[in-house]
Amino acid sequence: MATLNLFSQPWQTTISPSFCCSNSNNNISYAYQNHNIISNNSKLHFFSNSRHFSVLSQFSTHSSKSGSGSSWLQNSSFAAGIEYRKRPLYSVFPTKAAEVSSVEDLYQFICSGPLLDKIGITQEKVAESIDNWILYGRYLCRLFQLNELYLTEPQKARIYHYYVPVFLWCEQQIEEHQSKFKDGEEIPPLVIGFSAPQGCGKTTLVFALDYLFEVIGRKSATISIDDFYLTAEGQTKLREANPGNALLEFRGNAGSHDLALSVETLASLTKMTREGVKMKLPRYDKSAFSGRGDRADPSTWPEVEGPLKVVLFEGWMLGFRPLPVEAVKAVDPQLETVNKNLEAYYDAWDKYIKSWIVIKIKDPNCVFQWRLQAEIAMREAGNPGMTDEEVRDFVSRYLPAYYAYLPTLYSEGPNGSDPQRLLTIEIDEGRNPILASI
Ligand SMILES: O=C(O)[C@H](O)CO
């Protein structure tokens with residue numbers, strides 16, 4: 001266990017990492033040992049035990065997702081957008097001993113984060129658990145191929161002000177959820193919903209959390225509302241049934257999802273309480289039919305195995321509540337049908353979610369900027385991407401729903417949510433958390 005007195009004199013640390021990494025058949029495993037931090041005035045022992053973990057083929061799931069367009073990943077070889085789940089991950093840690101300025105600096109940085117108060121973690125608690133913060137930070141650096149010793153400010157903020165605090169919050173939620181069951185009772189996995197606009201980095205956040213759950217030994221499953229889109233054929237029928245409604249011409253808005261599939265999937269996931277139970281998770285292929293999309297071939301769906309502890313369920317319109325018809329018509333008359341369709345979504349999605357994370361943006365126009373950045377990055381990487389005009393058209397079909405439903409999502413919380421089990425994270429244009437404006 002770590003013994004650390006952060007309130008002593010400034011001190012210096014020496015880190016001597018030694019890694020090995022192997023990769024076979026989509027199965028990447030890492031081992032690392034003898035990571036000792038020795039301080040002059042304080043004692044901190046961590047990683048003295050050797051650990052071994054494997055990262056299975058989940059990196060190849062959700063390959064339909066577009067790139068993150070994330071500036072914080074600029075110096076990382078991870079920042080390859082669409083391909084990021086497919087490529088093997090290799091450690092970029094230096095093999096030579098390196099000096100870092102101070103764990104105390106890191107502690108101060110962590111304590112200055114905007115989420116700490118919200119998640120109920122005091123500075124003392126950070127001090128007590130600094131070894132875990134460093135451990136999780138290190139895992140994430142490895143995942144994103146960042147050099148933990150030379151993180152830029154945005155990278156540090158992303159890891160220590162965002163992903164690690166959110167992970168700790170999820171852990172608290174899981175513990176609270178589990179404490180409601182008696183000894184011997186089967187405990188369903190906690191479904192955590194992530195409601196966040198497109199392009200704001202929710203896929204990367206969920207990817208990071210899923211990875212941390214895996215390395216600490218909690219079985220998790222990730223699913224997106226996009227995985228529940230109608231098939232291409234169903235989409236055509238929807239378009240034909242709503243002639244002239246631009247909001248239902250392509251996938252996206254309420255009405256373009258297969259709600260029976262989502263009920264079946266979420267109900268089955270919440271029953272995955274036992275060792276050995278397995279199920280395939282539906283996936284959607286956005287590249288099919290020249291980008292119009294179609295359900296991915298079931299033979300490519302990833303398999304998850306119980307007992308699941310947590311399900312991470314994300315989507316841009318998760319938790320949207322239907323509004324009085326006049327309110328939506330005032331935003332866009334075409335929303336009337338979408339709003340009607342939305343009435344069936346609580347029972348198909350939101351009802352399963354017991355804890356919520358809402359990522360709040362100031363202005364839905366950010367979605368256009370973020371999507372544009374992602375497409376430009378894809379084009380620059382030599383992959384087919386939308387033109388600026390196509391991006392504008394694509395995003396314009398989502399904006400009415402944002403304008404109509406985000407105000408209530410932010411003021412009342414997601415449909416059916418418990419305010420005690422809701423974490424709202426306001427982010428800036430760089431997609432990092434900021435102190436919430438009142
Ligand atoms: O591509 C899509 O379907 C939208 O961006 C929603 O994720």
Side-chain angles (χ1 to χ4, degrees), residues 61-70 81-82 84-85 193-207 222-232 234-236 238-239 245-259 261-262 281-296 312-320 335 338 341-342 345 348-349 357-359 361 364-379 383-406 409 431:
T61 64
H62 275 126
S63 54
S64 59
K65 299 291 188 286
S66 61
S68 60
S70 304
I82 200 160
Y84 76 102
R85 286 185 188 231
F194 295 77
S195 183
Q198 298 142 282
C200 77
K202 66 182 173 311
T203 309
T204 314
L205 168 66
V206 166
F207 176 66
T222 62
I223 190 99
S224 163
I225 62 169
D226 295 355
D227 294 318
F228 301 132
Y229 277 136
L230 294 168
T231 58
Q235 202 63 59
T236 305
L238 180 75
R239 180 167 45 252
N245 189 333
L247 306 186
L248 293 170
E249 196 177 349
F250 303 115
R251 65 168 196 256
N253 283 296
S256 66
H257 301 91
D258 182 338
L259 300 188
L261 177 68
S262 65
L281 289 177
R283 290 295 187 244
Y284 191 77
D285 177 5
K286 292 185 181 175
S287 65
F289 295 102
S290 314
R292 291 271 172 91
D294 195 4
R295 190 160 305 150
L312 308 173
F313 181 26
E314 55 99 345
W316 70 275
M317 52 168 279
L318 215 47
F320 282 7
L335 270 178
V338 172
N341 295 338
L342 193 57
Y345 276 60
W349 293 357
I357 292 183
V358 170
I359 298 176
I361 55 171
N365 270 313
C366 281
V367 173
F368 171 70
Q369 291 306 331
W370 289 330
R371 190 70 201 211
L372 197 60
Q373 283 166 13
E375 296 298 327
I376 290 171
M378 286 217 283
R379 289 195 306 245
N383 296 316
M386 289 192 242
T387 63
D388 294 8
E389 209 27 66
E390 282 166 346
V391 174
R392 196 174 296 283
D393 177 66
F394 178 78
V395 174
S396 72
R397 295 167 199 266
Y398 293 80
L399 284 180
Y402 286 127
Y403 283 114
Y405 301 113
L406 284 183
L409 180 81
R431 305 177 182 86

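Both counts, for ligands and for their atoms, begin at 1 and track the order of listing.
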Once rounded to the nearest 0.5 Å, what's the spacing between atom CZ of Arg295 and atom CG of Asp285?
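If I round to the nearest 0.5 Å, the distance is 12.0 Å.
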
Output the distance between atom CZ (Arg251) and atom OH (Tyr284), rounded to the nearest 0.5 Å.
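The OH atom of Tyr284 is 5.0 Å from CZ of Arg251, to the nearest 0.5 Å.
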
Counting non-hydrogen protein atoms only, what is the nearest one to atom 4 (C) of ligand 1? Give residue, atom name and distance.
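I find the closest protein heavy atom is Tyr398 OH, 3.2 Å.
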
Should Ile223 and Pro282 count as side-chain neighbours, where that means a heavy-atom distance under 4.5 Å?
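Side chain of Ile223 against side chain of Pro282, heavy atoms only: contact under 4.5 Å found.
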
Got Phe368 and Val391 here, is their nearest side-chain heavy-atom distance under 4.5 Å?
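A side-chain contact exists here, since the closest heavy-atom pair is under 4.5 Å.
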
Which ligand 1 atoms, with their elements, are less than 4.0 angstrom from a heavy-atom of [X]?
X      : value
Phe394 : 1 (O), 2 (C), 4 (C), 5 (O)
Asp226 : 6 (C), 7 (O)
Lys286 : 1 (O), 2 (C), 3 (O), 7 (O)
Tyr229 : 2 (C), 3 (O), 4 (C), 6 (C)
Gln198 : 4 (C), 5 (O), 6 (C)
Arg371 : 5 (O)

Between Asn253 and Arg397, is there a donor-acceptor pair closer than 3.5 Å when you use the side chain of the first and the backbone of the second?
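Flag set: sc Asn253 to bb Arg397 pair under 3.5 Å.
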
Are the side chain of Asp294 and the backbone N or O of Ala288 linked by a donor-acceptor pair below 3.5 Å?
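Absent.
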
Is the closest N or O pair between Arg251 and ligand 1 shorter than 3.5 Å?
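Right, the criterion is met.
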
Carboxylate-amine/guanidinium proximity below 4.0 Å for Arg379 and Glu375:
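No.
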
For ligand 1, which part of Phe250 has a heavy atom less than 4.0 Å away: the side chain, the backbone, both, or neither?
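Near ligand 1, Phe250 shows nothing, with every heavy atom at 4.0 Å or more.
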
